[in-house]
Amino acid sequence: MDNWFTVDSIDNNTYIISEYKHWEQTHAYLLNGDKYSLLIDTGLGIENIYNEVVKLTEKPIIVVATHIHWDHIGGHKYFDDFYVHQDESKWIDGEFPLPLSLVKEYVQERCDLPKMFNIDDYQIFQGTPKKLLKDRDVIDIGGRCINVIHTPGHSPGHMCFYEKNTQYLFTGDLVYKGMLIAYFPSTDPEKYLESINKIAQLPIKKVFPAHHDLNISIKIIDDIKDAMVSIKKQGKLKHGSGVFEYNNFSIWI
Ligand SMILES: [Zn+2]
Ligand SMILES: [Zn+2]
């Protein structure tokens, strides 16, 4: 198979659109409601995700990004309506925090790029959001309500999305199996722990991460919490402390 995207279904109205040919193994999620479809993240922007999304829905599409890092907004250019957290509105509208040259390096790193892809054409998406989101907002897509949970730490305006009815939690870069990132200057390790504590309170049936293995137990949330609490007790929950390794994840602070 030559397809750039891999599509899996979670249930009749919820899909995963994955990019396994890049080492980041990015996952976007499509939630179909009665009135709208909600696309959580748009991936790397290497191939056209819109073409995959319209195979799965005929509804108008609202796009949200868990956060404004290049690998979550790559396909925003194909959609008209997108929402971002108020604390990252500038990152998508004129002040993206990384230079294009560096992002181009990330795009090409450990990636089986499509033959027709030309890195010279790659751009970081910039545009004006239709709406700014904040903690506790609810996105009603008709028959399905998705709760916005502000979870700063990995980035200032990072959000998890939670659906009460299904108890699905879409965790973005806050929780996944792999190297968790809290060492950039724009990260905040203390807030990261607060955010983990916040989502640990929720009744969750399934965690859907933005990267790597989809076979992920909800127990990982408590494991990350315990790890960060222990790091904090050692006085190391601050930038420059290094990499801490655990069974299913590492934390780079
Ligand atoms: Zn990120
Ligand atoms: Zn990411």
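Source: prediction; values computed, not measured. Every number for a ligand or one of its atoms is a count from 1 in the order of the listing.
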Residue H69 atom name (nearest to the Zn ion (ligand 1); N/O/S):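 Result: ND1.
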Nearest 0.5 Å please: distance from the CG atom of L30 over to the OH atom of Y15.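 These two atoms lie 8.0 Å from each other.
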Does a donor on one side chain and an acceptor on the other come within less than 3.5 Å for H72 and H211?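 Looking only at side-chain atoms, H211 and H72 do form a donor-acceptor pair, the distance falling under 3.5 Å.
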Count the heavy atoms of every other residue, nucleotide or ligand shown that sit under 6.0 Å from CG of N118, and state whether that count exceeds 12.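 It does: N118 CG has more than 12 such atoms within range.
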Quick check: are there more than 12 heavy atoms from other residues, nucleotides or ligands sitting under 6.0 Å from CD of E58?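 Atom CD in E58 is not packed in, count stays at 12 or less.
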Does H72 bring an N, O or S atom to under 2.8 Å of the Zn ion (ligand 2)?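 Looking at H72, which is the residue asked about, there is an N, O or S atom under 2.8 Å from the Zn ion (ligand 2).
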For the Zn ion (ligand 2), does an N/O/S atom of E24 lie at less than 2.8 Å?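 No N, O or S atom of E24 is closer than 2.8 Å to the Zn ion (ligand 2), so no.
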Could you go through E24 and R110, starting from their C-alpha distance and side-chain angles, then the distance that decides it, and tell me whether this counts as salt bridge (Lys or Arg N to Asp or Glu O under 4.0 Å)? CA-CA 9 Å; E24 286 200 10; R110 286 182 276 160; over 6 Å; no
Can you give the angle H67 NE2 - the Zn ion (ligand 1) - H154 NE2, rounded to 10°?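 Value returned, to the nearest 10°, is 100°.
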Report the angle formed at the Zn ion (ligand 2) by atom OD1 of D173 and atom OD2 of D71, rounding to the nearest 10°.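 Once rounded, the angle between the two atoms at the Zn ion (ligand 2) is 160°.
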